[in-house]
**Q** 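Would you mind keeping the following structure in view while I ask a few things?
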Amino acid sequence: MVRRIGLLTGGGDCSGLNAAIRAVVRRAEQEGVDVFGFRNGWKGVLEQEAEALDLRATRGLLHRGGTALGTSRVSPFYEPDGVRRVQEAMEVHRLDGLVVIGGEGTLSASLRLHEEAGVPLVGIPKTIDNDVAGTDLSIGFLTAVRVASEAADRLHSTAESHDRVQVLEVMGRHAGWIATYAGLAGGADAILIPEVPFDIDAVARHLRHRAGTGRDFSVVVVAEGAQPVPGTLELPEPPTDEFGRPRLGGLGHTVAHALEARTGFESRVTILGHVQRGGTPTPVDRIIASQMGVGAIDAVLEADWGMMLGVDGPRTLRVPLADATRELKRVPEALYRVSEVFFG
Ligand code: F6P
């Protein structure tokens with residue numbers, strides 16, 4: 001019987017994590033399960049930094065951005081003796097299992113811990129990039145879309161006033177979900193995403209065509225991970241972060257510069273960056289976080305380990321972590337084709 005579990009949030013933060021923490025703790029308390037929250041993702045597990053979480057500790061969290069537990073990109077597989085230290089932390093705190101809230105990296109590490117070391121755990125997907133498979137939505141995505149589409153709206157009016165090209169760069173490392181959703185919602189005239197290599201000359205021709213038909217302004221939404229057709233545009237080599245991951249951000253400048261050079265239209269850039277990850281979660285982010293938090297404890301009570309929660313419309317799903325992490329969920333071509341209809 002499950003009596004005590006550990007809870008952690010790993011990887012980049014996003015809005016809605018606190019709603020998920022609250023849901024896990026509420027549902028667990030209802031069922032008489034104690035929850036220990038680890039600080040800063042796997043780092044807190046490795047360093048055994050945990051605190052008991054109860055109803056009182058999670059009051060007032062629902063609408064707050066960030067994560068009350070803190071987070072990091074530390075992985076047990078890249079730390080000395082990492083797997084053994086996870087097992088040791090579980091023994092010391094007498095934990096029967098873990099609930100891990102994370103994106104693709106954190107969930108893949110969770111799967112390995114489960115499969116290779118038998119760690120009993122359940123995952124909850126969060127990432128503004130929305131690229132985790134097995135669920136329609138990941139926590140944080142819709143809040144990021146709200147921020148990005150509002151930015152597109154605001155850029156629209158100023159682009160029109162000044163007859164300028166406004167390039168809006170949004171996050172989206174391997175998948176262009178934010179760019180496609182915000183671009184569609186914000187009436188973008190071009191959307192560049194990692195799934196569809198772009199030809200900068202074709203984009204420039206398109207903007208010139210718009211101008212030729214009386215539309216002297218354009219809004220171009222660019223995902224930070226978009227890639228040009230090989231050989232068409234040189235991109236600077238990105239620096240790497242402390243975990244060796246390319247630190248993206250800045251493609252918007254290259255695109256704006258190239259468009260201005262090819263069209264002569266004055267082009268400006270807005271890089272939204274971490275604004276997309278912070279602040280108040282949208283109602284739907286709070287709702288799916290609550291669904292998945294409750295669903296995670298239901299899975300824990302059944303000792304259904306190695307699973308990840310998800311949503312399909314209003315339904316809460318439980319899918320094997322192995323299926324959810326096999327490959328990234330990318331923007332389907334058909335959806336991108338819909339957005340192209342409005343490139344105008
Ligand atoms: O993985 C989610 C994400 O938001 C990416 O889109 C982005 O490239 C990355 O996080 C940035 O993370 P950080 O600057 O926090 O390392």
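Each ligand, and each atom within it, is numbered from 1 in the order the structure gives. On a predicted model such as this, the values are computed, not experimentally measured, just so you know.
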**Q** With salt bridge (Lys or Arg N to Asp or Glu O under 4.0 Å) as the criterion, how do R337 and E340 come out once you've worked through the C-alpha distance, each side chain's angles and the decisive distance to 0.1 Å?
**A** CA-CA 5 Å; R337 298 289 159 235; E340 278 184 327; 2.6 Å; yes
**Q** Starting from atom 12 (O) of ligand 1, locate the nearest protein heavy atom and write down its residue, its atom name and how far away it is, to 0.1 Å.
**A** R73 NH2, 2.9 Å
**Q** D241 to ligand 1: N or O pair under 3.5 Å?
**A** no
**Q** Give a yes or no on whether the backbone of P314 and the side-chain of Q291 come within a donor-acceptor separation of less than 3.5 Å.
**A** yes
**Q** Would you check whether T127 has a nitrogen or oxygen atom less than 3.5 angstrom from a nitrogen or oxygen atom of ligand 1?
**A** no
**Q** Check this for me, if you would: do R262 and D201 make a salt bridge, where the nitrogen-to-carboxylate-oxygen distance has to be below 4.0 angstrom?
**A**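 Salt bridge flag = yes for D201 with R262.
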**Q** So, 4.0 Å and heavy atoms of R245: is ligand 1 close enough to count as a contact?
**A**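 Right, R245 reaches ligand 1.
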**Q** Please report which non-hydrogen protein atom sits nearest to atom 4 (O) of ligand 1, along with the residue it belongs to and the distance in Å to one decimal place.
**A** M171 SD, 3.1 Å
**Q** Can you list the ligand 1 atoms lying under 4.0 Å from a non-hydrogen atom of R173?
**A** 6 (O), 8 (O)
**Q** Between ligand 1 and Q276, can you find any atom pair, the residue atom being a heavy atom, that is separated by under 4.0 Å?
**A**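 Heavy atoms of Q276 never come under 4.0 Å of ligand 1.
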**Q** Relative to F265, does R164 satisfy both conditions: NZ or CZ under 6.0 angstrom from the six-membered ring centre, and within 45 degrees of the ring's axis?
**A**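 No, R164 does not lie over the aromatic ring of F265.
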**Q** Within less than 4.0 angstrom of ligand 1, does E104 place any heavy atom?
**A** no
**Q** Applying a 4.0 Å heavy-atom criterion (strictly less than), which segment of R247 is in contact with ligand 1: side chain, backbone, both, or neither?
**A** neither
**Q** Which of the atoms in ligand 1, numbered in the order shown and given with their element, are less than 4.0 Å from a heavy-atom of H274?
**A**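 With H274 as reference, the close atoms of ligand 1 come out as 13 (P), 14 (O), 15 (O).
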**Q** Around atom 3 (C) of ligand 1, find the nearest protein heavy atom and jot down its residue, atom name and distance.
**A**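 Scanning the protein heavy atoms, the shortest distance from atom 3 (C) of ligand 1 goes to R277 NH1, 3.7 Å.
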**Q** In a check of side chain to side chain contact (heavy atoms under 4.5 Å, CB included) between T106 and each of T127, V74, V100, which one passes?
**A**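 One option only clears the test, and that one is V100.
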**Q** Are any of the side-chain nitrogens in D189 or R210 under 4.0 Å away from the carboxylate oxygens of its partner?
**A**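 Yes.
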**Q** Is it the case that more than 12 heavy atoms not belonging to E333 sit under 6.0 Å from its CD atom?
**A**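 Atom CD in E333 is not crowded, with 12 or fewer foreign heavy atoms closer than 6.0 Å.
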**Q** Provide, to 0.1 Å, the distance between atom 1 (O) of ligand 1 and the closest protein heavy atom, together with that atom's residue and name.
**A**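 Sorting protein heavy atoms by distance from atom 1 (O) of ligand 1 puts D129 OD2, 3.6 Å first.
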**Q** Distance from F38 atom CZ to L98 atom CG, nearest 0.5 Å?
**A** 6.5 Å
**Q** Can you list the ligand 1 atoms lying under 4.0 Å from a non-hydrogen atom of I128?
**A**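 Close to I128: 4 (O).
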**Q** Look at E302 together with R318 and state whether they make a salt bridge at an N to O cut-off of under 4.0 Å.
**A**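 A salt bridge links E302 with R318.
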**Q** Run D304 and V122 through side-chain contact (heavy atoms from CB on, under 4.5 Å) and show every step you take.
**A** CA-CA 8 Å; D304 196 6; V122 170; over 6 Å; no
**Q** Which residue holds the protein heavy atom closest to atom 7 (C) of ligand 1, what is that atom called, and what is the gap in Å?
**A**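 Ranked first by proximity to atom 7 (C) of ligand 1 is E224 OE2, 3.2 Å.
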**Q** I'd like to know whether ligand 1 has G172 as a neighbour, heavy-atom separation below 4.0 Å.
**A**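 A heavy atom of G172 does come that close to ligand 1.
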